[in-house]
Amino acid sequence: MHGFGKSDVGKVRASNEDAIYVNSDGPSPLANLFVVADGMGGHKAGEIASTKAISVFCEYFNDHTSFIYVEEYLANALLQANAHVHEAASDDVAFSGMGTTFSAVTVDENNLYYIHVGDSRIYIATDSELKQITRDHSLVAEMTEKGIITAEEALHHPEKNVITRAIGTDLHVNVDRGYFPLADVKYILICSDGLTNMVTDAEIFDVLFDDTAMSDKVDILVAKANEAGGDDNISVIVVGWVNI
């Protein structure tokens, strides 16, 4: 199993507030780890939130080297990251309100374990479908679920970037967690909304299953988001077992 990732500023934003972490061989005691964090906040606060969240998250594994349930282990690491980002935001008025989405995956014994906060996404891809396994913590997602707007209206809603849950914005945060068996899965995709707001699921599926190496798939997906306008920072990680 290998993972490849890329984060790009896009065509509109002045700076990149996304951060990614790609490690196909650790960090110990995990066999591998892949993270996308999409920061928010003015004056580089989003960049600080996303990078700090990943840094503290990974440091947790150095200090806590044993676990029973993988997803609980990941969630505890993220709760520690949340506390640190929230503290940093509270200590400096320039960083007030900063936060970040956070979607992380590790694979062990043919199972995908994940944690998730925000509107970045985790997908699994089989030969027949691309399936989102995370739920967007966003205003338009809640409105769609309640039937207030349609899925099509959500794509162009003026408040589509408003998220309802993030790392660092509150002292306490609910962390989605879970696992999936990977018997029929060929690829795992983790990405920020800079990709999914610009590139359709059908286009993503076609890229994942075209005849290119995984590192090239990442480059192609980022390029497609930029070709569509590059309205936001774009972060993409592709994990797979074939066509390295």
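Being a predicted model, the structure only gives us computed values, none of them experimental.
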How long is the span from the [atom1] atom in [X] to the [atom2] atom in [Y], to the nearest 0.5 Å?
X      : Y      : atom1 : atom2 : result
Leu208 : Thr126 : CG    : OG1   : 11.0 Å
Asp232 : Lys11  : CG    : NZ    : 14.5 Å
Ile122 : Tyr114 : CD1   : OH    : 7.0 Å
Thr101 : Ile167 : OG1   : CD1   : 9.0 Å

Please say which of [options] ends up in a side-chain contact (heavy atoms from CB on, under 4.5 Å) with [X].
X      : options                        : answer
Ile124 : Asp184, Leu112, Val239, Leu189 : Leu112
Lys224 : Asp219, Leu195, Ile234, Val199 : Val199
Thr212 : Val218, Ile220, Val207         : Ile220

Please answer whether the main-chain N or O of [Y] pairs with a side-chain N or O of [X] as donor and acceptor at a distance below 3.5 Å.
X      : Y      : answer
Asn32  : Thr106 : no
Asp136 : Gly118 : no
Asp170 : Val173 : no
Ser90  : His86  : yes

State, yes or no, whether a side-chain contact exists between [X] and [Y] at a heavy-atom distance under 4.5 Å.
X      : Y      : result
Asp231 : Asn197 : no
Phe209 : Lys186 : yes
Val185 : Phe180 : no
Ile115 : Arg177 : yes
Ile188 : Val107 : yes
Leu30  : Leu74  : yes

Would you be so kind as to tabulate the donor-acceptor pairs closer than 3.5 Å made by side chains of residues 33-41, with sequence neighbours excluded?
none

Worksheet item: For Tyr179, does the OH atom sit with more than 12 other heavy atoms under 6.0 Å from it, leaving out its own atoms?
Response: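 Incorrect, the count does not exceed 12.
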For [X] and [Y], does a side-chain donor sit closer than 3.5 Å to a side-chain acceptor?
X      : Y      : answer
Ser103 : His116 : yes
Ser235 : Asp18  : yes
Asp176 : His137 : yes
Asn226 : Asp8   : yes

Discussion item. Under a 4.0 Å threshold between the charged nitrogen and the carboxylate oxygen, would Arg121 count as salt-bridged to Asp193?
Written reply: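 A salt bridge is absent here (no side-chain N lies under 4.0 Å from a carboxylate O).
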Practice prompt. Please work out which of the three classes, parallel, tilted or perpendicular, describes the rings of His64 and Tyr60, given edges at 30° and 60°.
Written response: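 Tyr60 and His64: parallel rings.
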Discussion item. Before we go on, tell me: are the rings of Tyr69 and Tyr113 under 6.0 Å apart, centre to centre?
Written reply: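 So the answer is no for these two rings.
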Discussion item. With a 6.0 Å cut-off on the ring centroids, do Tyr123 and Tyr187 count as close?
Written reply: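 Centroid distance Tyr123-Tyr187: not below 6.0 Å, so no.
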hydrophobic_cluster_shared for [Y] and [X], side chain cutoff 4.5 Å:
X      : Y      : answer
Val140 : Val162 : yes
Phe102 : Leu79  : yes
Met1   : Ile190 : yes
Tyr73  : Val56  : no

Item to complete: Please test Asn16 against Ser7 for side-chain hydrogen bond (donor to acceptor under 3.5 Å, both in side chains), starting from the C-alpha separation and ending with a verdict.
Response: CA-CA 8 Å; Asn16 191 354; Ser7 188; 2.9 Å; yes
